[in-house]
Amino acid sequence: MTDISITLYKGESASVPVGTTVGEAISTLLSNKQRKRTVAARINDSITDFTTPLTEDVTLTPVQIGSDEAFDILRHSTAHIMALAVREIFGPDIKIAIGPSIENGFYYDFLRTEPFNPEDFDKIETKMEELVRQALPFTRTEIQSSAAISRFDAEDEKYKVELIRDLESDTVTLYQVGDFTDLCRGPHLPNTSFIRAFKLLRVAGAYWRGDENNDVLQRIYGTSFFDRKELKKYLNALEEAKKRDHRKLGKELELFTVKEDIGAGLILWQPKGAQLRRLVEDYWKDEHYRHDYDLLYTPHIARQDLWKTSGHLDFYNENMYAPMDIDGIAYQLKPMNCPFHIGVYNNRKRSYRELPIRWCELGTVYRYERAGALHGLLRVRGFTQDDAHIFCRPDQLEDEIFNILELNLLILKTFGFDQYDIYLSTRPEKYVGSDENWDLATESLKLALEKKGLNFEIDPGEGVFYGPKIDIKIKDQLGRSWQCSTIQVDFNLPERFHLSYIGKDNSEHQPIMIHRALMGSLERFIGVLIEHYAGVFPLWFAPVQARILNITDDQFEYCEKIFKLLRQGGIRIEKDLRNEKLSYKIREAQVNKIPYMLIIGEKEKENGTITVRLRDGKNLPPMTASEFIDKVADEVREGRGI
RNA sequence: GCCCACGUAGCUCAGUCGGUAGAGCGCAUCCUUGGUAAGGAUGAGGUCACCGGUUCAAAUCCGGUCGUGGGCUCCA
């Protein structure tokens, strides 16, 4: 038998017989301690598990506990163990679909007539523990697809058969753990002893292959870690996220509500939420004015013909609400603001000298969302976009995109977001506009991103039919990602509405249109802000900046006086002059996450001062009302980055 | 829209086997006037989401509708 050479990436090498498995190679090359941390190996670009035999000279990079790849393998293997446990408990009548690893965990889809319930979870988890303890090996076999089909056919595993048929490959790989054999590409853990901490989290319905015409399967979600502490940490993080849930905080802090009798997905802003929203809006308008945008206001409904011209009736109809009859003419609620801005553009002839035109609007739109998609402020049926449309010449496109990116990042940063994932989506299969225009626009988007020094990923073919786009997903305090900003080039509407400007050559040209929303929708953005800040808003957009707390009724009048002074001084102020103990009022102000508590007792009344208590419990030296006003103004200016 | 779970006071929740409803917080009144995270007493407050059915009797069982949650799908 011939020998082959195995080399460890940046390390040892050895000569071993052909057919040596990856696992054996790892044992040869790595110390015992290192080996225990190794779950697979990377060869070239693919990850291979221990059972794979080696046939030629290779360089191995161990995949070790702690890496993303290792988690992937762990969770995938845990999914198999769960499937094995489910099979052992509920028998072969349960059909299995797919069970991949996902971000932070895994799932497995099953077809079963009765629903899984929490008691089942206990049973399944107990069974899994039992299986894991046996240190069962995962064994890999490669077999002919036809053999695999007849095998799964015999077991009546129709999903597996369908998968193999669709693979259109001569051979497939099977993985066996215990008595459970699954069609699977792998790789898997060497054995189940690596699975040290796992938890089943929830069960949900899911269509086979995500298609609602297919069977509804039951999906069990779970997560898995290499040690118990990490699992505990993760579960704590889930708890933390629950505490920050904007729906919970929205209720507790009286920011917004949704009423069944008013309608699902329709937000009522309570005074404090409205204040928060006003502050976001004012900042947004100021910043846009500073960046040479002009503000528009447009109506909520328009004649149906407008939506015919814009193409929304053809392409967006399923998201639009039914028309209403007004004096025999059909009108529809707007799902987008663009046709209205175009109406302003087309109000008169435009010269090339006017371009670029930048018009922005906090425009409230209504879109039909399926009932099951609605979610707090994050997915609603009526929402306000921080919309803008830029009409420009082709030679201005790149600069305009660059300017938008600058404003975009500035606004995000002001609200405390400085981490994002950026995607550039290119031409899809079905599209309108010329190839040259698409190339120009795509190139402009790319150059602008590069000029701004931003890393981005290209999403090939994911652009909208009317033009390429940039999407920015922001990351919040907990590292969760939210789609907010979008910048889209549009060749379609200028064509449909015959937009034009008179060029230097005295002939008509078509402008390019850019749609962009930076916060996306105010509802969603504020929802994300609530979770990002856990309801503890910075002073500059805290709905209530300070609350006056008196110590006894004797300071009642002095408190009223201070209250008036501060309110006139522009402080968002409240007073709590109830007949309660100071500590009681402090607790409540703390729970309400109010930045400053202004404590007023006999001392303050005599000296004409207030005592400022911070959220962290510290007190500032006594100051006068006007000193406090100045202090707040300074901090607000700083917070807004002015 | 689909699958599963849920809907009881303003909020958070309890309510057994079907016998007409309870707590804490909040609110009101009174006592207390207390200096940095909950002082005490009394009281008001419910069409048990809505509609229908079964039953002598429904918060409880059944059906439908609406809403909420976890997902699928879609997306700002």
Side-chain angles (χ1 to χ4, degrees), chain A residues 107 109 111-118 201-221 242 245 247-248 251-252 254 257-266 316 318-319 335-337 363-365 367-387 464 471-473 482-486 488 515-525 527-528 549-556 578-592 597 599-604 611-619:
Chain A
Y107 66 79
D109 285 345
L111 180 67
R112 181 186 181 217
T113 22
E114 287 112 72
F116 289 108
N117 57 45
L201 297 173
R202 53 178 169 266
V203 60
Y207 300 107
W208 167 237
R209 298 190 141 183
D211 185 335
E212 58 191 271
N213 299 312
N214 291 341
D215 294 342
V216 177
L217 307 171
Q218 291 192 62
R219 176 171 295 178
I220 300 180
Y221 285 89
K242 231 186 232 170
D245 191 313
R247 294 165 300 189
K248 184 174 183 286
K251 203 178 272 181
E252 286 171 3
E254 303 196 285
T257 186
V258 182
K259 286 262 164 275
E260 183 173 345
D261 53 355
I262 287 175
L266 302 171
Y316 209 71
E318 60 195 35
N319 289 298
M336 293 188 192
N337 302 301
T364 303
V365 297
R367 299 182 186 174
Y368 171 72
E369 291 292 342
R370 303 164 110 193
L374 301 175
H375 183 94
L377 290 176
L378 301 180
R379 187 128 218 107
V380 294
R381 287 182 171 157
F383 60 98
T384 302
Q385 288 185 304
D386 68 316
D387 210 355
V464 205
D471 286 323
I472 301 180
K473 289 189 179 176
W482 308 92
Q483 154 90 64
C484 291
S485 314
T486 183
Q488 309 184 350
H515 310 250
R516 44 112 285 194
L518 309 182
M519 303 187 290
S521 90
L522 285 172
E523 284 74 7
R524 168 176 293 178
F525 194 72
V528 173
L549 313 179
N550 62 333
I551 291 175
T552 71
D553 289 347
D554 292 339
Q555 300 91 44
F556 193 89
R578 291 174 301 176
N579 175 11
E580 295 290 352
K581 287 194 169 175
L582 180 61
S583 53
Y584 180 92
K585 298 187 198 183
I586 285 180
R587 179 177 188 277
E588 202 162 281
Q590 194 80 35
V591 167
N592 289 324
M597 295 169 221
I599 294 164
I600 293 175
E602 255 338 86
K603 267 188 291 178
E604 288 79 3
T611 293
V612 180
R613 184 192 198 269
L614 309 177
R615 273 190 284 223
D616 65 6
K618 292 192 186 99
N619 279 355

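So you know, we letter chains A, B, ... as the sequences are listed, proteins then strands, and number each from 1. No hydrogens, no waters, no symmetry mates; every other heavy atom, side chains included, goes into these values. For clarity, every value in this text was computed on a predicted model and none was experimentally measured.
For B:rG35, its base never sits under 3.5 Å from the side chain of A:Gln555 at any donor and acceptor pair. Taking only distance into account, the side chain of A:Arg524 never meets the base of B:rA76 through a donor-acceptor pair shorter than 3.5 Å. For A:Tyr207 against B:rG1, a side-chain-to-base donor-acceptor contact under 3.5 Å is present. Under 3.5 Å, the side chain of A:Glu369 and the base of B:rA76 form at least one donor-acceptor pair of N or O atoms.
Contacts of A:Tyr107 with the nucleic acid, taken as non-hydrogen atoms under 4.0 Å apart, are absent.
Position along RNA chain B of the nearest nucleotide to A:Thr611 versus A:Gln483 favours A:Thr611 as the more 5'-ward residue. Comparing A:Cys484 and A:Ala206 against RNA chain B, the residue whose closest nucleotide sits nearer the 5' end is A:Ala206.
One finds a side-chain N or O of A:Tyr368 lying less than 4.0 angstrom from the OP1 or OP2 phosphate oxygen of B:rG1. For the pair A:Arg247 and B:rG70, the criterion of a side-chain N or O lying under 4.0 Å from OP1 or OP2 is met. OP1 or OP2 of B:rG70 has at least one side-chain nitrogen or oxygen of A:His375 nearer than 4.0 Å. Taking side-chain N and O atoms only, A:Lys248 has no distance below 4.0 Å to OP1 or OP2 of B:rU12.
Atom CH2 of A:Trp208 is separated from atom CG of A:Asp109 by 8.0 Å, given to the nearest 0.5 angstrom.
In this structure, the side chain of A:Asp387 does not engage the main chain of A:Gly363 through any donor-acceptor pair within 3.5 Å.
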Every protein N/O within reach of nucleotides 24-29 of chain B N/O, cut-off under 3.5 Å:
residue	atom	partner	partner atom	Å
B:rG26	OP1	A:Tyr584	OH	2.5
B:rC27	OP1	A:Arg578	NH1	2.9

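Distance from the side chain of A:Arg613 is smallest to B:rA37 among B:rG35, B:rC2, B:rA37.
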- Note on the structure: Parsed dot-bracket for RNA chain B after applying the Watson-Crick and G-U rules with both distances under 3.5 Å and | for other-strand partners is (((((((..((((.....[..)))).(((((.......))))).....(((((..]....))))))))))))....
